Colleague: 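Provided herewith is a single structure, encoded as structure tokens, for subsequent inquiry.
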Number of protein chains: 2
Amino acid sequence: MPQDGRPLRPLDETEEVLVRALGEVMTGLPRVVDADMVRDARLPLSEYTALMLLSEAPRRRMRMSELAVAGNLSLSGMTRVVARLEKQGFIERARCEEDLRGWNAVLTDDGFARLEEAWPAHLASIRRHVLDKLAGHDLAALAAALRQVETRL
Amino acid sequence: MPQDGRPLRPLDETEEVLVRALGEVMTGLPRVVDADMVRDARLPLSEYTALMLLSEAPRRRMRMSELAVAGNLSLSGMTRVVARLEKQGFIERARCEEDLRGWNAVLTDDGFARLEEAWPAHLASIRRHVLDKLAGHDLAALAAALRQVETRL
DNA sequence: CAAAAGTACTTGCACCGTCAAGTAAATAAT
DNA sequence: ATTATTTACTTGACGGTGCAAGTACTTTTG
């Protein structure tokens, strides 16, 4: 429901421009980066992200639900990403000892190697489409602003 | 190909933070806004965007290819969006007179009404998730930065 | 002006992600 | 303790999007 306490002030000029720009970025950038990853590293962005998150986690493992939240996917979505990675041998699954309902996704050595192989493509993509274009802008301020934006369901 | 002239300098701290924040926003925000639109206006974001673009176009019509570019979708993706909207009576299709290969998507009166009905939900969603959170930030600078980012395939 | 090449769009197929329903285990209630 | 409820995750059905191939028209070329 459009919480109608106040009468929904329309966008002013500045806001309008920002919203358009943000719309562009939010619909276009994921596709562009994902396309780069698939082309240059044969690894979709969603899978790359999962591997990366695991590589940074203690003991290179995470509960499915944690991983889903961290990767900004639904739990079922993450189940499928992990299933694909498991089939390729990059992840193994281990029942969670302290709660038998739960599963850990565990990064294998092959998975770690795959990640090391893939990250340059990700870095290059981000540099090409984002950082190179932002020369002269205040990156810290931009990051601070973006971190305020609400992105969780 | 990760164009390897230079050896791909890794991200510094500031860049790292920015890239994470941008990743969050770019994967999360479209889902959040789309979910709002579906829930509050029963109109997915992609369809809303198409209607909006048409409403601003001269004679409320656009060539399919124009519309695809403007909406940041592939041509085939836009074909399907338009097909859905046509089925609901919000868009009609008219052969392009000066080039019989081409089609115009034309916003109908029903479509315009639908858009007027739906935009408050979009506005509310954007205010809620984005603009409200950005109080105190320099919106113009943010917009200028985002507009530099490359988002076209 | 006929044939070849290019352009505008659509369609078949495959993939990915969501929701809703299902399973299994933990926790709460009686 | 048994049952009911909640939690963690998986699976089935579905919708949306891209790519590649197909169709129809246009432009170029010899």
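Bear in mind the structure is a predicted one, so any value in this text is a computation, not a measurement. Lettering follows sequence order; numbering is per chain, from 1.
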Colleague: Counting only heavy atoms from other residues, nucleotides and ligands, does the tally under 6.0 Å from CZ of B/R84 exceed 12?
Modeller: yes
Colleague: Give a yes or no answer on whether the side chain of B/E47 reaches the backbone of B/P44 with a donor-acceptor pair at less than 3.5 Å.
Modeller: no
Colleague: Below 4.0 angstrom from OP1 or OP2 of C/dG17, is there any side-chain N or O of A/R84?
Modeller: yes
Colleague: Measure the distance from CZ on B/R31 to P on C/dC19 and round it to the nearest whole Å.
Modeller: 9 Å
Colleague: Roughly, in whole Å, what's the span from CG in A/L45 to P in C/dG17?
Modeller: 9 Å
Colleague: May I have the distance from B/E98 (atom CD) to D/dT27 (atom C1'), rounded to whole angstrom?
Modeller: 16 Å
Colleague: Measure from CD on B/E97 to P on D/dC25 and round the result to the nearest Å.
Modeller: 15 Å
Colleague: Calculate the interatomic distance between A/E47 atom CD and C/dG17 atom C1'; express it in whole Å.
Modeller: 13 Å
Colleague: Just wondering, are more than 12 heavy atoms of other shown residues or ligands nearer than 6.0 Å to CG in A/D12?
Modeller: yes
Colleague: Mind calculating the distance between CG (B/L73) and P (D/dG15) to the nearest angstrom?
Modeller: 18 Å
Colleague: Can you tell whether the side chains of B/R61 and B/E97 come within less than 4.0 Å, N to carboxylate O?
Modeller: no
Colleague: Rounded to the Å, how far apart are A/E86 CD and D/dT11 P?
Modeller: 10 Å
Colleague: Hey, is B/R20 close enough to B/E24 for a salt bridge, meaning N to O under 4.0 Å?
Modeller: no
Colleague: Dump the pairs, protein N or O against N or O of nucleotides 8-14 of chain C, anything under 3.5 Å, distances to one decimal.
Modeller:
| from | atom 1 | to | atom 2 | distance (Å) |
| --- | --- | --- | --- | --- |
| C/dA8 | O3' | B/R63 | NH2 | 3.3 |
| C/dC9 | OP1 | B/R63 | NE | 2.9 |
| C/dC9 | OP1 | B/W103 | N | 3.0 |
| C/dC9 | OP1 | B/W103 | O | 3.3 |
| C/dC9 | OP2 | B/S65 | N | 3.1 |
| C/dC9 | OP2 | B/S65 | OG | 2.3 |
| C/dT10 | OP1 | B/R93 | NH1 | 2.6 |
| C/dT10 | OP1 | B/R93 | NH2 | 2.2 |
| C/dT10 | OP2 | B/T79 | OG1 | 2.7 |
| C/dT10 | OP2 | B/R93 | NH2 | 3.4 |
| C/dG12 | O6 | B/R80 | NH2 | 2.1 |

Colleague: Could you tell me whether B/R59 atom CZ has more than 12 heavy atoms of other residues or ligands within 6.0 Å of it?
Modeller: no
Colleague: Would you mind telling me which residue lines up with the more 5' stretch of DNA chain C, A/R95 or A/G77, judged by nearest nucleotide?
Modeller: A/G77
Colleague: Return the value, rounded to whole Å, for the distance between atom CG of A/N72 and atom P of C/dG17.
Modeller: 12 Å
